[in-house]
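Start at 1 and go down the list; that is how both ligands and their atoms are numbered.
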Amino acid sequence: MPTDDASRGASQRLEGVRERIARAAHLAGRAPADVTLIAISKTHEAEAIRPLIAAGQRVFGENRVQEAAAKWPALREETPGIELHLVGQLQSNKAEEAIALFDAIHSVDRPSLVVALARAMDKADRRPPCFVQVNIGDEPQKGGCPVEALPVLLAEARAAALPVAGLMCVPPLDVEPAPYFALLAKLARDHDVMALSMGMSGDFETAVTLGATHARVGTALFGDRA
Ligand SMILES: *Cc1c(COP(=O)(O)O)cnc(C)c1O
């Protein structure tokens, strides 16, 4: 059981983030319920995650398959109804493990991964929704497919019967994120995908006003990572 202090802190942070999402949604004429808050628990131990589960949070995200595989089976055993999203880069040789463990994949970014995921889904007979990650700032070090490669990658994903739910991005650091979120939203409209996974602790309100359906928030819920 979480301590009283940990419980209170977690509920307050969760409530605060939810309120900020609701305010941003209202400003944009959107329903707060149309935004799924994904609590990004990477690097945090089970003891730090339990208070947030106790506070009612059920949707979590991790960026590494190995770390998630070590932490989440036990936590899920304790609390049914947890939804786990993969938000980090995925190696093709971990596709099977990822499909077994995660309820959504936010990092589909290349044709070889489309093939590996499609094969893993067929084998497991389990088809979690996928987001195609776009390298929206065209940054050399960043994951995600180049903007100009998106149409072909989406066509390949659809041809392989991946359930493409939406697009995902991480805008460049230290610049105004709004134009990047707006571009991702436009790409989603152009290509007929519904969901938008965008917005982190520093910019989720901006993302929500620009149409985010999935906000990936770590630090604002858990505090700083070690
Ligand atoms: C870590 C991470 C987040 C959460 O970042 P915070 O700034 O801690 O909210 C969101 N998305 C991805 C892809 C991440 O790796």
Those atoms of ligand 1 less than 4.0 Å from some heavy atom in R216:
4 (C), 9 (O), 10 (C), 11 (N), 12 (C), 13 (C)
For ligand 1, which atoms have a heavy atom of V217 less than 4.0 angstrom away?
9 (O)
Does D203 pair with R216 as a salt bridge, N-O distance under 4.0 Å?
no
Given the options I99, D109, L117, L90 meets side chain to side chain contact (heavy atoms under 4.5 Å, CB included) only with L117
Would you mind checking if E67 and K42 are paired as a salt bridge, meaning a charged N to carboxylate O distance below 4.0 Å?
no
Ligand-residue contact atoms, ligand 1 with K42, heavy atoms, under 4.0 Å
1 (C), 2 (C), 3 (C), 14 (C), 15 (O)
Give the numbers and elements of all ligand 1 atoms closer than 4.0 Å to a heavy atom of S201.
6 (P), 7 (O), 8 (O), 9 (O)
Protein contact of atom 5 (O) of ligand 1 - nearest heavy atom, named by residue and atom, plus distance
M200 CE, 3.5 Å
Tell me, with the steps shown, if R50 and E78 meet salt bridge (Lys or Arg N to Asp or Glu O under 4.0 Å).
CA-CA 10 Å; R50 279 195 194 95; E78 292 168 16; 2.8 Å; yes
Parallel, tilted or perpendicular: rings of F60 and W72 (30°, 60°)
tilted
Which of the atoms of ligand 1 are close to T219, meaning less than 4.0 Å from one of its heavy atoms?
6 (P), 7 (O), 8 (O), 9 (O)
To which protein heavy atom is atom 13 (C) of ligand 1 closest, and what is the distance rounded to 0.1 Å?
V87 O, 3.3 Å
Can you check whether R76's main-chain N or O pairs, donor with acceptor, with T79's side chain at less than 3.5 Å?
no
Using heavy atoms and a 4.0 Å limit, tell me yes or no: is R225 in contact with ligand 1?
yes
